[in-house]
Amino acid sequence: KNYPVIAAGGAVFKSIYGLFQSSDVDIYFYGNYTAAQADVYLTEIMYYFENKYMNIKKVKFERNEGVTNIIVDGKKYQFIHRIYPSKISVVGGFDLQCSSVYYDGTGYGTTPLGAWCIANRVNIFLHTRRSASYIQRMYKYFTNYDCSILLMNTTIEKLKNKSDVNYVYN
């Protein structure tokens with residue numbers, strides 16, 4: 001059965017470049033249906049994992065307020081408890097452009113900016129869109145996945161005037 005879900009984020013980015021490092025797979029619901037229907041879909045998906053892997057691998061379920069994790073032999077599938085109106089609306093809100101890509105079972109999708117950033121392996125530093133882990137994740141993409149960082153409306157000279165800035169040059 002096909003469900004209205006997509007995988008999106010870092011795991012999808014890494015799959016494009018063949019970077020098969022251990023990673024959670026973030027899965028998002030999209031479409032025009034209720035939270036109750038999404039819960040039915042999630043329950044059916046959980047039964048699928050349980051039945052598929054019951055004899056060969058250990059399956060563990062963790063359900064929290066905002067996410068349900070299905071863990072199969074250490075691999076985590078993280079289902080986000082939110083229904084987005086469309087596939088593109090999922091990745092359109094991501095703060096790292098290289099992770100703003102989804103896979104829907106048949107192909108990849110992203111925004112025009114996401115496509116450019118993914119093709120060029122660059123994240124644009126946007127100080128207005130930062131989450132609590134923004135700097136850490138941007139640094140991870142820089143060091144682990146060879147993604148450059150594009151600074152807008154600034155220069156290295158301007159940044160050097162700040163005493164609390166650490167520099168890493170590639």
Side-chain angles (χ1 to χ4, degrees), residues 3-31 38 42 45 62-72 74-170:
Y3 294 98
V5 296
I6 57 171
V12 178
F13 168 80
K14 289 184 268 185
S15 75
I16 292 170
Y17 283 102
L19 304 170
F20 297 109
Q21 300 161 345
S22 177
S23 180
D24 296 350
V25 178
D26 296 329
I27 301 175
Y28 297 83
F29 293 91
Y30 70 91
L42 182 56
I45 292 167
E62 299 173 344
R63 191 166 188 140
N64 302 313
E65 185 176 321
V67 68
T68 294
N69 296 315
I70 300 175
I71 304 165
V72 180
K75 180 79 171 175
K76 186 188 292 186
Y77 301 89
Q78 190 167 290
F79 288 80
I80 310 304
H81 295 176
R82 180 176 173 191
I83 305 167
Y84 290 81
S86 64
K87 297 174 192 178
I88 203 68
S89 67
V90 172
V91 297
F94 285 12
D95 59 0
L96 290 183
Q97 296 81 22
C98 282
S99 69
S100 66
V101 60
Y102 69 81
Y103 181 74
D104 65 4
T106 61
Y108 295 93
T110 187
T111 64
L113 178 60
W116 185 87
C117 289
I118 292 163
N120 291 286
R121 286 176 103 149
V122 63
N123 282 308
I124 301 169
F125 181 80
L126 302 168
H127 65 80
T128 58
R129 296 192 67 186
R130 292 192 322 197
S131 65
S133 63
Y134 183 70
I135 299 296
Q136 173 193 0
R137 290 180 294 112
M138 184 153 304
Y139 184 73
K140 180 173 82 171
Y141 274 74
F142 177 74
T143 57
N144 296 352
Y145 314 135
D146 199 29
C147 293
S148 298
I149 300 170
L150 177 61
L151 301 174
M152 303 294 291
N153 299 321
T154 193
T155 64
I156 293 296
E157 288 72 32
K158 287 181 184 177
L159 291 174
K160 284 182 180 177
N161 291 329
K162 304 284 185 188
S163 62
D164 59 346
V165 175
N166 296 321
Y167 299 96
V168 179
Y169 297 99
N170 220 5

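In what follows, every heavy atom counts, from backbone to side chain, and hydrogens, waters and symmetry copies are set aside.
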Participant: CD/Gln78 to CD1/Ile71 distance, rounded to the nearest 0.5 angstrom?
Facilitator: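 One gets 9.5 Å once the value is rounded to the nearest 0.5 Å.
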
Participant: Would you give the length of the straight line joining atom CD1 of Ile27 to atom CG of Leu42, rounded to the nearest 0.5 angstrom?
Facilitator: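 That separation rounds to 9.5 Å.
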
Participant: Could you walk me through whether Tyr134 and Leu96 pass the side chain to side chain contact (heavy atoms under 4.5 Å, CB included) check?
Facilitator: CA-CA 8 Å; Tyr134 183 70; Leu96 290 183; 3.9 Å; yes

Participant: Under the side chain to side chain contact (heavy atoms under 4.5 Å, CB included) test, which residues partner Ile149, sequence neighbours left out?
Facilitator: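 In terms of side chain to side chain contact (heavy atoms under 4.5 Å, CB included), with neighbours along the sequence ignored, Ile149 is linked to Phe125, Met138, Phe142, Leu151.
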
Participant: Just by modelled atom types, is the Val91 backbone N or O under 3.5 Å from a matching donor or acceptor in the Tyr28 side chain?
Facilitator: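 No, because the side chain of Tyr28 does not come within donor-acceptor range (under 3.5 Å) of the backbone of Val91.
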
Participant: Donor-acceptor check, side chain of Tyr84 to backbone of Ser86, threshold 3.5 angstrom: yes or no?
Facilitator: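 A pair under 3.5 Å: no.
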
Participant: For residues 5-16, which residue pairs pass the salt bridge (Lys or Arg N to Asp or Glu O under 4.0 Å) check, not counting sequence neighbours?
Facilitator: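 Qualifying pairs, neighbours excluded: none.
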
Participant: Is there side-chain contact between Asp95 and Arg137, with at least one heavy-atom pair below 4.5 Å?
Facilitator: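 Side chain of Asp95 against side chain of Arg137, heavy atoms only: contact under 4.5 Å found.
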
Participant: Where is the tightest heavy-atom contact between Asn64 and His81, given as atom of each residue plus distance?
Facilitator: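 Taking Asn64 first and His81 second, the nearest heavy atoms are O-CE1, 3.4 Å.
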
Participant: Could you report the tightest heavy-atom contact between Cys117 and Cys98, atom names first, then the distance?
Facilitator: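 So the minimum-distance heavy-atom pair works out to O-SG, 3.6 Å.
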
Participant: Could you tell me which residues satisfy side-chain hydrogen bond (donor to acceptor under 3.5 Å, both in side chains) with Tyr17, sequence neighbours excluded, listed by chain and number?
Facilitator: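 None.
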
Participant: CD1/Ile45 to CZ/Phe79 distance, rounded to the nearest 0.5 angstrom?
Facilitator: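 Interatomic distance, Ile45 CD1 to Phe79 CZ, rounded to 0.5 Å: 4.5 Å.
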
Participant: Could you tabulate the donor-acceptor pairs under 3.5 Å formed by side-chain atoms of residues 106-116, not counting sequence neighbours?
Facilitator:
residue: Thr106; atom: OG1; partner: Asp104; partner atom: OD1; Å: 2.8
residue: Tyr108; atom: OH; partner: Ser15; partner atom: OG; Å: 3.2
residue: Thr110; atom: OG1; partner: Ser100; partner atom: O; Å: 2.4
residue: Thr111; atom: OG1; partner: Gly114; partner atom: N; Å: 2.9

Participant: Going by side chain to side chain contact (heavy atoms under 4.5 Å, CB included), name the residues that satisfy it together with Ile83, two or more places apart in sequence or in a different chain.
Facilitator: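 Ile83 satisfies side chain to side chain contact (heavy atoms under 4.5 Å, CB included) with Phe29, Tyr33, Ala38 once adjacent residues are dropped.
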
Participant: How many angstroms lie between atom CG of Asp24 and atom CG of Asn69, to the nearest 0.5 angstrom?
Facilitator: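 Rounded to the nearest 0.5 Å, the CG-CG separation comes out at 7.0 Å.
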
Participant: Assess the pair Tyr141 and Phe13: is the distance between their ring centroids shorter than 6.0 Å?
Facilitator: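 Yes, they do, as the ring centres are separated by less than 6.0 Å.
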
Participant: Please determine whether the number of non-hydrogen atoms from other residues, nucleotides or ligands lying under 6.0 Å from atom CZ of Arg63 exceeds 12.
Facilitator: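 More than 12 within 6.0 Å, yes.
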
Participant: So how far is it from Ile124 CD1 to Gln97 CD, rounded to the nearest 0.5 Å?
Facilitator: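 It comes to 4.5 Å.
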
Participant: Which atoms form the tightest heavy-atom contact between Tyr102 and Ala8, and what is the distance?
Facilitator: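 Nearest heavy atoms, Tyr102 then Ala8: CB-CB, 3.9 Å.
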
Participant: Is the shortest heavy-atom distance from the side chain of Ile6 to the side chain of Tyr30 under 4.5 Å?
Facilitator: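 Yes, their side chains come closer than 4.5 Å.
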
Participant: Output all residues satisfying side chain to side chain contact (heavy atoms under 4.5 Å, CB included) with Lys75, sequence neighbours left out; order by chain, then residue number.
Facilitator: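 With neighbours one apart ignored, the set is Val25, Tyr77.
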
